[in-house]
Amino acid sequence: MTTTERRAHDLSFLSSLIGAYDGSQVEDAMYAFWEDGGWFRPSEAVDEEAKPFTVIMPPPNVTGALHLGHAVTLTIEDALIRWHRMLGDPTLWLPGLDHAGIATQSVVEAQLAREGMSRHDLGREAFEERVWDWVGRTRPRITSQARRMGASCDWERTVFTLDETPRQAVRKTFVALFNDERIYRGARIINWDPQMLTALSDVEVEYREDEGKLWHVRYPFVDARGNELDDGVVIATTRPETIPADVAIAVHPEDERWQPHLGREVRLPLRGFSRLIPLVADEAVDREFGTGALKITPGHDQLDFEIGERHGLEPIRVVDWDGAMTSEAGLYAGLDRDEARVTVAEHLEEDGYLVRTEAHIHNVGHSQRSGVVVEPLVSNQWFVDTDALAAEAARVVRDGEVRIVPERSTSVYLQWMDNIRPWCISRQLWWGHRIPAWYCRDCDSGALIESEDGEFTVDEGSHPIVEMQDPTVCPRCGGRDLVQDPDMLDTWFSSGLWTHSTLGWPDETDDLKRFYPSSVMETGYDILFFWVARMMMLGCYNMGSAPFETVYLHGLVRDALGRKMSKSLDNVIDPLEKADQFGMDALRFTLATGSTPGHDMRLTDERLEGSRNFANKLWNGARFVLGEVAQAEGAITDASAATALEDRWIQSRLAAVTESVDELLRQFQLGEAARQIQDFLWNELFDWYVEASKVRLRQGDLAPLGVLARVLDAGLRLLHPWMPFITEAIWQQLKPYLPDEGGCAALIGARYPQPGDGTRDTAAESDFQAVRDVVTSIRQLRADYRVQAGQWSEVYVQPQPETTQPISASTALIEVLARSRPLHVIGAGDAAPSDQVATAVLPSAEIIVPLGGLVDVEQERGRLTKDLEQVGKRLRGAEAKLSNPGFRAKAPTAVVEQAEALAAELQRQRTELEARIASLG
RNA sequence: GGGCGGUUAGCUCAGUUGGCUAGAGCGCUGCGUUGACAUCGCAGAGGUCACUGGUUCAAGUCCAGUAUCGCCCACCA
């Protein structure tokens with residue numbers, strides 16, 4: 001049967017599935033069932049006043065494929081969304097796609113390169129068409145992959161960052177910031193990627209430690225006639241190739257070594273240069289480093305640029321856009337910057353200016369995208385003055401208007417915001433949002449530098465025209481020969497508008513009014529600065545309020561060895577491959593329970609297997625329940641009518657878990673919540689209640705059926721946000737047996753269990769615990785003495801007064817679960833066999849198992865002595881605590897009473913154990 | 001140079017207002033084909049909670065410091 005055939009939503013095939021759970025047989029059908037049912041749309045009928053729960057999905061790259069980062073985001077967001085949908089909140093999860101400027105362009109350029117072409121061979125328009133073509137072909141992949149994950153987002157609202165509305169949003173934001181004088185064009189030192197041939201922002205530069213060299217170079221003083229003297233200033237540099245761009249030597253103003261020489265000049269010690277540069281004083285120089293003298297190269301260093309500005313020194317550019325040396329580099333012109341470094345160093349050495357060379361490990365900036373070493377260059381670019389934007393973005397976090405989970409990330413965020421620098425937003429790319437600025441060929445003729453292929457760059461002194469409508473006339477001269485700025489905007493500029501451009505802004509749409517700000521922004525901590533920070537700044541700026549209430553940052557998924565996944569290590573795990581192997585629910589469960597917020601996790605097959613096994617356990621446990629209720633043909637009584645101890649116990653446990661899960665989810669502790677649900681279903685429902693229920697069911701007592709149905713129903717509801725496919729598949733089978741058919745057509749829309757339904761019964765919990773202890777103890781004794789599993793044992797149980805009733809009432813249960821028949825529940829004074837018996841002393845009872853010849857007196861003595869030691873140790877601890885005068889005086893009464901009761905109980909056990917040991921002779 | 005995180009069973013990790021014997025999964029040992037499940041069941045072994053000091057009646061949990069691993073930020077050439 002194919003997916004399309006199942007779209008009629010005949011889910012009857014589910015009942016034919018047997019044995020081991022196989023997610024691939026149900027996942028597609030379940031997704032189609034939900035989507036066709038319209039479950040992913042926010043329900044329009046609900047109370048318009050109700051506060052909606054909104055998540056705007058981080059848009060994956062249109063040309064990308066689903067990786068584990070997406071998988072984590074989708075898992076967490078889907079769980080949150082499904083939970084809120086089941087709470088009955090109006091729920092919107094809005095998906096989208098990002099054009100990913102540099103990333104996408106570089107992929108297409110790589111394709112062109114394989115065809116022996118560059119984008120310049122195609123020209124701007126044809127290149128853009130080519131990218132659109134590629135985007136059109138790859139776009140469906142990522143969305144279909146998100147569907148496979150089970151993402152219950154509203155696909156009808158999908159937004160692409162290059163759609164008309166986001167374009168308008170970009171335009172409006174740019175114009176507003178420009179008019180506010182928060183966007184400007186100017187020559188500044190920027191990070192240049194010589195491979196991608198574009199400017200980068202500071203955050204797009206990754207600093208890595210490289211092994212380099214530190215060249216100590218002497219810049220000679222000259223006499224009045226310009227003749228070199230023997231002494232000079234020795235500086236240390238890692239970049240001798242930039243010596244031709246040196247404009248000064250700087251020392252610290254209070255450094256007495258250099259004070260006598262301030263104002264003197266030194267000569268560039270390089271072949272073909274006779275330039276003299278001054279010795280200046282600047283506080284930015286570190287006296288401790290090297291000789292305390294620093295060569296100043298404002299054209300190729302951020303710090304030097306700032307020092308140069310303070311001293312009125314003009315930058316010189318010796319490294320060109322492509323990384324080769326410019327004509328300013330004299331005889332080194334044309335060499336690659338790396339070659340020039342080697343050559344310059346050789347010449348310095350030959351000419352006697354190289355004092356020494358040492359190995360030096362230092363941080364070198366690499367382009368995040370291309371990986372090449374970034375070249376700091378002075379260039380005319382567009383910038384956002386972020387000071388005021390960042391101040392507001394920091395304030396809303398400081399004032400608690402936005403909460404960051406985990407909380408410690410708050411300080412990272414604030415630290416960054418408080419030290420922000422202007423944001424370079426122009427990129428020399430052809431793919432993305434074009435900068436909405438125009439120039440007049442008449443007014444700006446001096447600033448527009450045209451190249452042969454019709455492209456041009458904009459130099460200083462231009463007069464950009466920035467308006468909401470494309471201008472046709474120059475406001476200065478009335479000229480009509482206008483050209484648009486050639487550059488594109490940083491992708492993160494449009495991504496920064498994502499929180500409101502997806503909802504229709506700049507139009508005042510209903511969606512915008514209803515869903516802004518969103519409830520949770522969930523993403524990896526690695527894009528806190530790239531994305532979250534920008535959304536905060538631009539959201540506050542455009543909307544006047546923070547764009548979301550909570551930022552939830554998840555950690556990175558690492559491989560089994562804890563390494564970051566990378567193509568070069570060849571350790572990349574494909575989430576879909578793992579889903580094929582273990583089932584999508586298992587993958588989701590593993591990712592959700594793998595770590596706590598903000599912490600990295602390791603993904604291993606062992607953990608995936610564990611989750612798969614859980615899915616299988618659930619499937620088979622449910623098959624048992626379904627089989628029993630089907631057999632009863634509707635003779636299911638209400639769960640509240642079942643009043644046996646185990647009935648009350650499991651329902652109380654359900655209430656307890658429900659309460660805990662609710663609390664955890666409200667604190668964004670998704671992983672812990674899922675773990676507790678798993679624990680409840682496996683270790684309590686399936687291991688104990690189901691086994692207990694069989695005892696009565698086999699006797700024809702159908703009372704447990706109502707409880708099984710109710711608890712399974714609630715368990716499926718609780719688990720659904722994490723394991724949507726299997727829970728829905730089972731629930732569809734269970735639904736006909738539920739009162740009122742469960743109140744809904746599908747689990748995805750059913751009500752989430754809520755705390756406080758009155759079924760909590762702590763007495764039942766402790767009573768059943770006593771029964772469990774008896775069962776476990778008998779099993780333990782039997783195992784210790786190697787009683788054959790199939791053989792029944794006669795057992796005497798002598799309960800404590802307070803547990804007599806529950807244990808007596810549960811004899812049939814204990815018999816079956818512990819293979820104990822006949823089972824004698826005897827009173828405190830009643831005689832029990834004392835010869836050839838194995839015994840155990842429990843808080844709730846004593847267990848006596850006559851085992852005939854199996855019992856070894858020495859073994860029994862050893863066992864009981866070990867127990868006695870344990871009890872004695874604990875008793876000493878309890879007594880020490882109680883004899884501490886401060887404890888009784890200061891600890892809460894309840895804690896003191898508890899300790900007293902424990903001490904009394906341990907004393908009783910000790911006495912009993914001593915008697916047992918004595919009776920062994 | 002700053003900031004943050006990890007250090008808990010052989011392995012991977014939970015443990016969020018300090019309070020009974022610190023938990024789970026995997027792995028390990030023994031037993032087991034009882035009609036939901038061997039992707040399972042039952043029982044068991046296994047931990048000085050990195051270290052030192054402090055606060056407290058009470059510390060894995062709070063404070064200070066140390067060690068070690070890792071991450072982020074920063075203009076030491």
Side-chain angles (χ1 to χ4, degrees), chain A residues 18-21 207 214 235-239 250 284-286 288-290 293-297 301-307 360 362-363 376 406-409 411-412 415-416 419 525-526 528-529 555-556 560 562 582 586 593-596 598-604 606-607 609-628 664 667 669 671-672 675 678-679 683 686-687 690-691 694 776 779-784 786-790 816-819 870-871 873-874 877-878 881 884-892 894-896 898-899 901-902 905:
Chain A
I18 50 165
Y21 174 68
Y207 288 88
L214 199 55
I235 57 89
T237 181
T238 54
R239 300 201 62 193
V285 180
D286 180 358
E288 308 303 315
F289 191 89
L294 172 64
K295 80 187 196 68
I296 301 302
T297 319
D301 186 277
Q302 176 72 40
L303 177 64
D304 292 4
F305 182 80
E306 289 167 17
I307 294 174
H360 184 65
H362 60 144
N363 268 341
E407 203 189 340
R408 65 188 141 79
S409 295
S411 59
V412 179
Q415 217 261 333
W416 191 81
N419 294 292
Y525 65 72
D526 52 329
L528 178 64
F529 305 142
L556 268 48
F582 299 101
T593 56
S595 77
T596 42
H599 278 123
D600 293 352
M601 75 179 89
R602 301 184 191 200
L603 186 64
T604 61
E606 287 71 28
R607 291 194 55 237
E609 270 171 30
S611 302
R612 178 203 58 186
N613 295 353
F614 173 47
N616 191 57
K617 185 74 186 178
L618 177 62
W619 184 252
N620 282 295
R623 278 177 58 218
F624 167 78
V625 176
L626 288 166
E628 295 295 323
L664 288 166
Q667 294 168 3
Q669 306 256 23
E672 184 59 19
R675 277 187 285 270
Q678 175 187 30
D679 189 54
N683 298 324
F686 295 134
D687 282 351
V690 162
E691 293 309 316
K694 287 176 183 172
T776 300
R779 285 170 171 170
Q780 191 180 338
L781 291 173
R782 284 167 49 92
D784 278 355
R786 302 279 186 272
V787 178
Q788 297 237 317
V816 175
L817 296 185
R819 290 255 147 172
Q870 275 289 320
V871 167
K873 194 175 153 197
R874 290 183 54 203
K881 187 191 271 187
N884 182 335
F887 180 69
R888 286 183 186 280
K890 297 188 177 174
V895 174
V896 175
Q898 216 169 26
L902 178 66
E905 168 58 22

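Note on naming: letters A, B, ... go to the chains in the order of the sequence lines (proteins, then strands), and numbering restarts at 1 for each one.
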For B:C40, the Watson-Crick or wobble counterpart (both distances under 3.5 Å):
B:G32

Nearest-neighbour nucleotide for the A:Arg607 side chain, B:U12, B:U39, B:A77 considered
B:U12

Between A:Gln780 and A:Leu303, which has a closest nucleotide on RNA chain B that is more 5'?
A:Gln780

Take atom OH of A:Tyr207 and atom P of B:C73, then tell me their distance rounded to the nearest Å.
10 Å

To the closest 0.5 Å, what do you measure between CG (A:Leu303) and OG1 (A:Thr297)?
10.0 Å

How many Å lie between CG on A:Asn683 and P on B:C37, as a whole number?
19 Å

Reckon A:Val625 touches a base, only the sugar-phosphate, or nothing at all at heavy-atom distances under 4.0 Å?
nothing

Roughly, in whole Å, what's the span from CG in A:Leu781 to P in B:G44?
10 Å

Distance in angstrom units between A:Glu609 CD and B:U39 P, rounded
10 Å

Classify the nucleic acid contact of A:Thr237 as base, sugar-phosphate or nothing, counting any heavy atom under 4.0 Å across all strands shown.
sugar-phosphate

Please check this pair: side chain of A:Asp600 against backbone of A:Leu556, looking for a donor-acceptor N/O pair closer than 3.5 Å.
yes

Which nucleotide in the set B:U12, B:C20, B:C37 lies at the smallest distance from any side-chain heavy atom of A:Arg602?
B:U12

Write down the distance between CG (A:Asn620) and P (B:C37), rounded to a whole number of angstrom.
6 Å

Under 4.0 Å, heavy atoms only, any strand: does A:Ala889 hit a base, just the sugar-phosphate, or nothing?
nothing

Between CG of A:Leu214 and C1' of B:A77 the distance, given in whole Å, is 8 Å

Output the single nucleotide from B:A14, B:C4, B:A77 whose closest atom is nearest the side chain of A:His360.
B:A77

Spell out, as yes or no, whether a donor-acceptor pair under 3.5 Å connects the side chain of A:Arg888 to the backbone of A:Val896.
no

For B:G1, which nucleotide is its Watson-Crick or G-U wobble mate, given both distances must be under 3.5 Å?
B:C73

Give the nucleotide from the list B:G41, B:C20, B:C73 with an atom nearest to the side chain of A:Gln415.
B:C73

Of the nucleotides B:A14, B:C72, B:U21, which has the atom closest to the A:Thr596 side chain?
B:A14

Can you figure out which of B:C73, B:G19, B:C13 approaches the side chain of A:Phe529 most closely?
B:C73

Using atom CZ of A:Phe686 as one end and atom C1' of B:A38 as the other, report the distance to the nearest whole Å.
17 Å

Would you say the side-chain atoms of A:Asn616 pair up with the backbone N or O of A:Tyr21, donor to acceptor, closer than 3.5 Å?
yes

Just the rounded figure in Å: distance from P of B:C31 to CD of A:Gln788.
11 Å

Whether the side chain of A:Arg779 engages the backbone of A:Leu817 through a donor-acceptor N/O pair (distance < 3.5 Å, no angle test) should be reported.
yes

Looking only at side-chain atoms of A:Arg779, point me to the closest of B:G32, B:C42, B:A77.
B:C42

Roughly how far apart are A:Lys617 NZ and A:Arg612 CZ, rounded to 0.5 Å?
14.0 Å

Kindly indicate whether the side chain of A:Glu691 and the base of B:A36 share any N or O donor-acceptor pair separated by less than 3.5 Å?
yes

